[in-house]
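Report on the following structure.
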Protein chains: 4
Amino acid sequence: MRDGSKTKELIARTSLHLFVEKGITETTIRDIAAAAGIAEGTLYRHYESKDQLAWELFSENYVSFARELDRVQEEYDTLKDKLAAMIRRFCAFFDQDPVLFSYLLLAQHHQLKKVTPDMETAVTVLQKVIAQGMAKSEVPEMEVELAAAMVLGVVLQVAVFKAYNRINQDLSHLGEILVDTCWRVLVGNGTP
Amino acid sequence: MRDGSKTKELIARTSLHLFVEKGITETTIRDIAAAAGIAEGTLYRHYESKDQLAWELFSENYVSFARELDRVQEEYDTLKDKLAAMIRRFCAFFDQDPVLFSYLLLAQHHQLKKVTPDMETAVTVLQKVIAQGMAKSEVPEMEVELAAAMVLGVVLQVAVFKAYNRINQDLSHLGEILVDTCWRVLVGNGTP
Amino acid sequence: MRDGSKTKELIARTSLHLFVEKGITETTIRDIAAAAGIAEGTLYRHYESKDQLAWELFSENYVSFARELDRVQEEYDTLKDKLAAMIRRFCAFFDQDPVLFSYLLLAQHHQLKKVTPDMETAVTVLQKVIAQGMAKSEVPEMEVELAAAMVLGVVLQVAVFKAYNRINQDLSHLGEILVDTCWRVLVGNGTP
Amino acid sequence: MRDGSKTKELIARTSLHLFVEKGITETTIRDIAAAAGIAEGTLYRHYESKDQLAWELFSENYVSFARELDRVQEEYDTLKDKLAAMIRRFCAFFDQDPVLFSYLLLAQHHQLKKVTPDMETAVTVLQKVIAQGMAKSEVPEMEVELAAAMVLGVVLQVAVFKAYNRINQDLSHLGEILVDTCWRVLVGNGTP
DNA sequence: TATGAATGAGATTTCATTCAT
DNA sequence: GATGAATGAAATCTCATTCAT
């Protein structure tokens, strides 16, 4: 009662679950309040509006995950190692908090449109790393966006299948396959 | 009658654009009516409800696209050819009607949950084809869902980047790269 | 049902009564809807918001009354006649629609602050007329705003007393007294 | 205790300013607390409710001002002197605390309705004095309420103009004009 | 078939007030 | 006395849907 930040955290976790389960628009303030065991008005002590709650949940985690990825890739020198480390980190994070990652993964248009070009995201980090690798001829040259899209697709779609329970194993167990596959995606293309 | 079906088509196209642009829940009947230049009530002459409109738009195209993919793959014998044909067809369709494909691609949770297991979808067709190819040892054995996810990821994420204008070229121009890449995704993994 | 403007008029009259009776903030949309015999949502087909309703009710009548006063004063040549005609018109209007005039009279701060300097109001018309009269030496010179305030005060405060039922006679019956008094207010002051 | 009454005074002054600036209903407890630099709950240590705060601010000052007016008029014998003294006192008070007087002047309906007939107000004092003057034939007979309304109007409307910055001079400087004008309002009317 | 005003349930949000600390 | 997080009733507003024309 004294510590409002606990309540904020409670609201965040509860909302996250409901947003992932039913969608943002389909989740009402009443739903959140009931699930969190708080009054409807309480939410507004911690978040300006439902929209802002959804956005804060998205953007803060989206950005902090990107930062973490960036930190991880910096520990390695080659594209291959950087990529492997990033993928493994992604898998570990996903398994650790699948609800949060589902939220980020299945993020609606609405949220994504608010991502400004200056925000560091997983996509920008990945593109940066790939671009560097190409510059150092670690992989053949090709359009960076395209390369990033394909690598991203491999990992994300597997995560989506996992989120939808089409795949049973934890992502971490698939780390090696994902790393190998992504590498093969990168090295095979381009002008040799 | 002629007129009536034109109105229905008008509603369908207008809704599709708005749904892709703003999201389904965020698009109001009033938005659709205004954009289509019809009265709000008119929509209900052609569709039972907004939900049904969104679902009809989704399911009919989702299913007919899956059927088309299935027809296409049947024309070929090997997994490699089947896959190549399917990807090329996907690219051609996307370029032809990017709005429709964005709608299918960025489909909300809400819609995907209504997809029953007995419905033939692009995913089931892809899994079937891959499973057959593995059975015939055209590619190494591995979990079919995982293989399908990765192949799907490569193609879909490129399409998503295209939908978000991160990539400029038409998908059709990327057909060969996508085909090659997907093939490499499949052949490299599994137990040799 | 066909004619929406009837409903709008009904909402306007009903709101006016309630706003005068209870105050704007104290009157709820539910109050208005119940009193008008319409659904709550119906109000929003005709007015953007409660605030806008209150403002439209105020500003349109405030301005059109000012225009009417201006038209009236133009029919006469001397300040004395102009003033008399304006006061008589004010009295007649008040008696004709006491609720509307009470609304304008007791208008809250909130509304008055939205009155932009370019809007023609009863006050600006009165000041203009008095200024002209002073210029033509029909009454002694003095600060126009002060003169206008005092004349206005005489008439308005009597109207306020009438609105609060402190005075029983119709304003029209007090027309001559008000005209005489206001004239005496103007001629007695200033540097002779 | 010393501290406590200081807080109460702080709340009173802060509320007064905000009430005048934005209106009572439009001013929230949070507004007051923020402006006064206190916690929201603190207000309730000093006032039962927001309504009671608004009412206390209004009624106490309204009544004490009326008493003061009454005391002032008692020092004089003739209506003319009484009226002059009251007007001068009003001007002095207004200049001394314009915010308070704006609050009393622009008092909402809501407050005025709570004024019971047995309460002594500026209006009742004025009516009493005028009635006495008429009884003593100092001014011609006429309806007391009407006479009071007109005299009141002259003074109040000038104060309102001052409150809205339409007039620049302090009210005290206008004392003589107001006194003269009000006297002329009274003596000119009635049955000679 | 088409219209569009009207509906009313339900969503979001506000805010005076309470109460544990 | 003071705090400020929590409350929850009530207000405003939205919008899918209906229905008389």
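Throughout, protein chains are lettered first and strands after them, A, B, ... in sequence-line order, and every chain is numbered starting at 1.
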Worksheet item: Counting just side-chain N and O atoms, does Thr7(B) come under 4.0 Å of either OP1 or OP2 of dA2(E)?
Response: yes

Discussion item. With a 3.5 Å distance limit and no angle check, can you tell me whether Lys50(A) reaches the backbone of Thr27(A) through a side-chain donor-acceptor pair?
Written reply: yes

Worksheet item: Quick one: is His46(B) getting a side-chain N or O under 4.0 Å of the dA2(E) phosphate, OP1 or OP2?
Response: yes

Item to complete: Kindly indicate whether the side chain of Ile24(D), heavy atoms from C-beta on, has any atom under 4.5 Å from the side chain of His110(D).
Response: no

Item to complete: Please state how far atom CD in Gln52(B) lies from atom P in dA16(F), giving the value in whole angstrom units.
Response: 15 Å

Discussion item. For a stem of at least 3 consecutive Watson-Crick or G-U pairs with distances under 3.5 Å, i pairing with j, i+1 with j-1 and so on, which stems involve DNA chain F?
Written reply: E:2-21 with F:2-21

Worksheet item: What's the CZ-P distance between Arg45(B) and dG4(E), to the nearest Å?
Response: 13 Å

Response to the item:
Nearest-nucleotide check on DNA chain F, Asp51(C) vs Glu48(B); residue mapping nearer the 5' end is Asp51(C)

Worksheet entry | Atom-to-atom span, NZ of Lys8(B) to C1' of dA2(E) - whole angstrom | 16 Å

Fill in: Modelled atom types, side-chain donor and acceptor of Ser64(C) and Asn61(C), under 3.5 Å
no

Worksheet entry | Between P of dT14(F) and NZ of Lys22(B), the distance in whole Å | 13 Å

Which atom pairs, donor and acceptor, lie under 3.5 Å between side-chain atoms of residues 96-107 of chain A and protein residues at least two apart or in another chain?
| from | atom 1 | to | atom 2 | distance (Å) |
| --- | --- | --- | --- | --- |
| Asp97(A) | OD1 | Arg13(A) | NH2 | 3.1 |
| Asp97(A) | OD1 | Leu100(A) | N | 3.2 |
| Asp97(A) | OD2 | Arg13(A) | NH1 | 3.1 |
| Ser102(A) | OG | Pro98(A) | O | 2.8 |
| Tyr103(A) | OH | Ala54(A) | O | 2.7 |

Worksheet item: Taking the side chain as C-beta and beyond, is there a heavy-atom pair between Thr121(A) and Phe65(A) under 4.5 Å?
Response: no

Worksheet item: Using a distance-only test with no angle check, is there a side-chain donor-acceptor pair under 3.5 angstrom linking Thr116(B) and Asp118(B)?
Response: yes

Fill in: Atom-pair distance (OH on Tyr47(C); C1' on dA6(E)), nearest Å
16 Å

Worksheet item: Hey, what do you get for OH (Tyr62(B)) to NZ (Lys114(B)), rounding to the nearest 0.5 Å?
Response: 14.0 Å

Worksheet entry | Spacing of Leu16(A) atom CG and Phe58(A) atom CZ [to the nearest 0.5 Å] | 12.0 Å

Response to the item:
Whole-Å distance, Leu10(B) CG to dT3(E) P, equals 10 Å

Using a cutoff of under 3.5 Å, can you pull out all pairs of nitrogen or oxygen atoms linking the protein to nucleotides 8-11 of chain E, with atom names and distances?
none

Worksheet item: How about Lys8(C) and Glu56(C): do any of their side-chain heavy atoms sit closer than 4.5 Å?
Response: yes

Worksheet item: When all nucleic acid strands are considered with a 4.0 Å heavy-atom cut-off, which category describes Leu43(A): base, sugar-phosphate, or nothing?
Response: nothing

Worksheet item: Between Tyr44(D) and dT17(E), is there a side-chain N or O to OP1/OP2 distance below 4.0 Å?
Response: yes

Item to complete: Measure the distance from CG on Asp31(C) to C1' on dA10(F) and round it to the nearest whole Å.
Response: 12 Å

Response to the item:
Atom CD1 of Ile11(D) and atom P of dT17(E) are separated, to the nearest Å, by 13 Å

